*Asks:* 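Let me begin by handing over the structure; questions about it come next.
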Amino acid sequence: MKQFISAEDVQDIPALVNQALAYKQQPLLDKQLGANKRIGLLFLNPSMRTRLSTQIAAQNLGMEAIVFNIGSEGWALEFEDEAIMSGSTVEHVKDAAPIMGKYFDVLAIRTFPSLKNREDDYSELFIRQFIRYAGIPVVSLESATLHPLQSLTDIITITETLKANPLPAGRKPKIVLTWAPHVKPLPQCVANSFSQWVNAWGNADFVITHPEDYELDTKFTNGATITHNQEEALKDADFVYVKNWSTFNNEYGKIYCNDPAWMLTNEKLSTTNNAKVMHCLPVRRNVELSDEILDGPNSIVTRQASNRVWAAQAVLSNILQSK
Amino acid sequence: MKQFISAEDVQDIPALVNQALAYKQQPLLDKQLGANKRIGLLFLNPSMRTRLSTQIAAQNLGMEAIVFNIGSEGWALEFEDEAIMSGSTVEHVKDAAPIMGKYFDVLAIRTFPSLKNREDDYSELFIRQFIRYAGIPVVSLESATLHPLQSLTDIITITETLKANPLPAGRKPKIVLTWAPHVKPLPQCVANSFSQWVNAWGNADFVITHPEDYELDTKFTNGATITHNQEEALKDADFVYVKNWSTFNNEYGKIYCNDPAWMLTNEKLSTTNNAKVMHCLPVRRNVELSDEILDGPNSIVTRQASNRVWAAQAVLSNILQSK
Amino acid sequence: MKQFISAEDVQDIPALVNQALAYKQQPLLDKQLGANKRIGLLFLNPSMRTRLSTQIAAQNLGMEAIVFNIGSEGWALEFEDEAIMSGSTVEHVKDAAPIMGKYFDVLAIRTFPSLKNREDDYSELFIRQFIRYAGIPVVSLESATLHPLQSLTDIITITETLKANPLPAGRKPKIVLTWAPHVKPLPQCVANSFSQWVNAWGNADFVITHPEDYELDTKFTNGATITHNQEEALKDADFVYVKNWSTFNNEYGKIYCNDPAWMLTNEKLSTTNNAKVMHCLPVRRNVELSDEILDGPNSIVTRQASNRVWAAQAVLSNILQSK
């Protein structure tokens, strides 16, 4: 693997999942693999789980990890070609990225969408410019439109759950991605990325449900059943992935509806196949997801978040072995 | 030791002090003890000495330490049960802490008091919620009402000083905690905690002196002689611990008096038994403590601060050995 | 070497340059030298390249490096003797530095000029106070008036370039430091320091060119040819070092002229000896330096920035061996 930006960078998702589960059993299995290798973790916006899990994954492989928070450590980057830099940006990615490429063996980077200009966001300008100029493998710690380490984690968690409690032979799990209310307009990253990965994985009956006007980009959802009827979507579900996102079509990056009726409750779960409930965290309790579900037996969000380590470790291992 | 939040978590204070002094002689005595163990250092408010000394202590034991500054790295936590999180908090401790418990072997955390609501502060809601939900040993790096790593350091420093210059057989040291002026309302943590530890240690004639209306919580001071007469308190003292705190009784978290006459000077020291002067730092020079004392032969504040490493190392060692 | 604050701390610049180039060939040549040694990296203002390169250099020598960003981590230091600290500063360097000296084996620190009070800045109060009170070797990561790790890097880069493409026997390289426009008043550090180092190195025909009223302090430039005629300065140059600085004489720390005609272009380069172009980065593209030069064959800025690691490693190695 030369980079890890989207599901398209992975040839064999089940093999990567198995690698991650092997690391979960033996975190220090490949403790020498990253000896004298160095990863830079650059955050253009803040992160908790992604930062900690990637740092731990790197340590488990014996790599040295250096964290750099760009915002708080005062470094406004320019991404536009031919910019006359007389404004607020102090350094161009064309100058910064090649030096990262000299300092590190692998560069992991978190960028973010503007939620104002859809074309810019969906062109993934920031991370593509880093890839273009760094000259070393780049790992996305979330970009403007995708969050592949989260999605790999999600597939790992689903696989692990099904191994512990197999479905009847021949039945694929029904996986439902449901929109949830939130108080702020959020990126579409997690929803796009989960859709892309479930489709690429291919081992699911995949349904997406959301209010009208919250359609996601079809280049990621293509292949999924899409409905505005949450009740119908949830019926017989084995996994329910809860996530808010802002609008993609029409006006971009807006909140049209925040109907609390879309929040998942135990009553809504009753028509599922005792579905496991997933969320990428952080979660706004009693806005996106009720206490009764998060504190109840169906929630697997803590295990899901803890699997972030093994997803990152499998990806870094794969990259180190490809160099 | 399963947690380190207060003096009550320690069975044998002198043994812990001796362990710390052994590490001071041989920092790398137990370099293998923490191999492949990981400590998370979470700061809900900033820190210099506590962060550095704990990070160094962990390294001396061979642990990997990961620092996370919650404020500056953008992560507003919710601590109230059943909160409807439609406001400024983005994640509940019920969701965050269990994941810390999966990522780390030990969690060290600094919280802080509001100085507005005494009941909330003295219930130690923040750190108690982390303990409740993390599922791993929690070490306080200062909480709303206590600062146990500082207080252990203080007992270490007093013990070390007495070993070098023993008192006549049978005489306990006279230790005086004196209030000092400051420009801002400060927590009562260091004063509470020092009182609790000196009382639990039991090897001192302990006197507390402060202006009227600066009484501390008696659950920590109980056993100490308390006087508003600083001159009387200082007479024949062997150690003088200087510290400001805001009001606990009546109005909570206020400054009633900032009388510069309370600042310690060499003249005031003249009636002591050539007392050693202590302060937890940072210190406002010529407000809390005069240059003449801080730069003179009676001050042991630098040695005291350097002992923070050995206090943290003894605590982490004890926790690692208890797991 | 007991400290690294200016060129005056180095006895033999070519030997230090050769040590750095040896590390570039074999980064882990002295991986054991810093075992169980610890360096503190204190930033009173932010940094990217300096922080990363020094941290990597320390790791290459097997040292543990701990980074502390003073501004963002909330710690306003007092530097004036006898200050009555009733204002915004919370700790005096007299108290903070000795503890750094206990916690670390080497202290690296970045300070900055006020650009308001020339006497204060040029007395280097901040870093001198740290040196005075820390009691351990101090390395400048840039101070109010100098940036020695950058300048050592610059001499390394020039030496390396000349080794690959030697000049005719007996001819010294012509090195031109040229002022460039910028949108903000910047410190004189890099220009001062480059001048000081090129003069101390002694192996160059050294010319400085800038608009009227941008004269630098003669204690650093002494020995260089100084001209206001950029075109004349550039003629037959082998290296052109581009850098903005604010005024030193008359009004201090101001911008008098921002004439875009001073920006280097390929046309201006045509009269040089196919000069290599250097800049310390970050660079404002199309303000300080044109895209055509930064993206063209004459720019060596990326290699220059990557050499920061080897400069820092040579300095730390020298300090560790002197202890």
Side-chain angles (χ1 to χ4, degrees), chain A residues 24 26-28 31 41 43 45-60 62 64-65 67 69-74 181-184 186 258 260 263 279-292 294-295 299-310 312, chain B residues 34-44 46 55 58-59 62-109 129-130 132-136:
Chain A
K24 186 167 183 172
Q26 285 187 266
L28 304 182
K31 183 72 185 179
L41 307 183
F43 292 91
N45 68 336
S47 160
M48 192 272 280
R49 262 161 294 271
T50 299
R51 186 199 126 175
L52 295 178
S53 61
T54 309
Q55 203 169 350
I56 290 168
Q59 288 179 345
N60 283 345
E64 283 164 345
V67 173
N69 292 308
I70 286 180
S72 68
E73 300 187 29
H182 200 284
V183 295
K184 282 174 39 177
L186 296 191
N258 241 335
M263 186 174 77
H279 189 285
C280 60
L281 300 184
V283 61
R284 299 267 184 155
R285 279 180 174 249
N286 303 313
V287 175
E288 286 177 89
L289 254 178
S290 57
D291 276 341
E292 62 177 11
L294 282 164
D295 298 334
S299 168
I300 57 174
V301 300
T302 299
R303 183 157 56 81
Q304 182 186 0
S306 73
N307 283 338
R308 293 291 306 270
V309 173
W310 321 116
Chain B
N36 302 321
K37 300 286 182 187
R38 197 170 276 123
I39 184 170
L41 307 182
L42 260 68
F43 291 92
L44 276 75
Q55 203 169 353
Q59 288 179 345
M63 300 184 86
E64 283 164 346
I66 293 183
V67 173
F68 195 81
N69 293 307
I70 285 180
S72 69
E73 300 187 28
W75 191 48
L77 283 179
E78 178 63 55
F79 289 92
E80 296 293 339
D81 281 340
E82 297 175 40
I84 296 169
M85 292 173 59
S86 56
S88 61
T89 58
V90 303
E91 180 152 22
H92 202 288
V93 67
K94 287 169 89 167
D95 300 308
I99 294 158
M100 298 288 152
K102 299 287 187 185
Y103 287 172
F104 298 112
D105 300 288
V106 180
L107 184 62
I109 181 158
Q129 290 280 62
F130 266 98
R132 183 171 169 198
Y133 294 112
I136 55 170

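No experiment lies behind these values; they were computed from the predicted model shown. Naming: A, B, ... by sequence-line order, numbering from 1 per chain.
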*Asks:* In Å and rounded to the nearest 0.5 Å, what is the CG to CE distance from Asp291(A) to Met85(B)?
*Replies:*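 Result: 9.5 Å between the selected atoms.
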*Asks:* Could you tell me whether Leu28(A) atom CG has more than 12 heavy atoms of other residues or ligands within 6.0 Å of it?
*Replies:*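 Above 12, so yes.
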*Asks:* Nearest heavy-atom pair of Ala305(A) and Ile99(B): which atoms, and what distance?
*Replies:*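 Minimum heavy-atom contact is CB-CD1, 3.4 Å.
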*Asks:* Taking the side chain as everything from C-beta on, heavy atoms only, tell me whether Thr302(A) gets closer than 4.5 Å to Asp95(B).
*Replies:*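 No, too far: nothing below the 4.5 Å cut-off.
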*Asks:* Test of understanding: with side-chain hydrogen bond (donor to acceptor under 3.5 Å, both in side chains), list the residues that count as partners of Arg284(A), not counting sequence neighbours.
*Replies:*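 Residues passing side-chain hydrogen bond (donor to acceptor under 3.5 Å, both in side chains) with Arg284(A): none at all.
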*Asks:* Who are the side-chain hydrogen bond (donor to acceptor under 3.5 Å, both in side chains) partners of Asn307(A), not counting sequence neighbours?
*Replies:*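 Partners of Asn307(A) under the side-chain hydrogen bond (donor to acceptor under 3.5 Å, both in side chains) test: Lys24(A), Thr157(A), Glu160(A).
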*Asks:* I want to check something: taking the side chain as every heavy atom from C-beta on, are Leu294(A) and His92(B) in contact at a cut-off of under 4.5 Å?
*Replies:*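 They are not in contact (no side-chain heavy atoms under 4.5 Å apart), so the answer is no.
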*Asks:* I'd like to verify something: which residue of Arg285(A), Arg308(A), Lys31(A) has the highest number of heavy-atom pairs under 4.5 Å with chain B?
*Replies:*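 Looking at each of Arg285(A), Arg308(A), Lys31(A) in turn, Arg285(A) comes out on top.
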*Asks:* Heavy-atom distance under 4.5 Å to chain A: side chain of Glu82(B), backbone, both or neither?
*Replies:*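 Both backbone and side chain of Glu82(B) come within 4.5 Å of chain A.
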*Asks:* Give, as side chain, backbone, both or neither, the part of Asp295(A) having an atom under 4.5 angstrom from any heavy atom of chain B.
*Replies:*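 Side chain of Asp295(A) only, per the 4.5 Å heavy-atom cut-off to chain B.
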*Asks:* What part of Ser53(A) gets within 4.5 angstrom of chain B, counting heavy atoms only: side chain, backbone, both, or neither?
*Replies:*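 It is both, since atoms from each part get that close.
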*Asks:* Would you give the length of the straight line joining atom CD1 of Ile66(B) to atom CD1 of Ile56(A), rounded to the nearest 0.5 angstrom?
*Replies:*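 Reported to 0.5 Å precision, the distance equals 4.5 Å.
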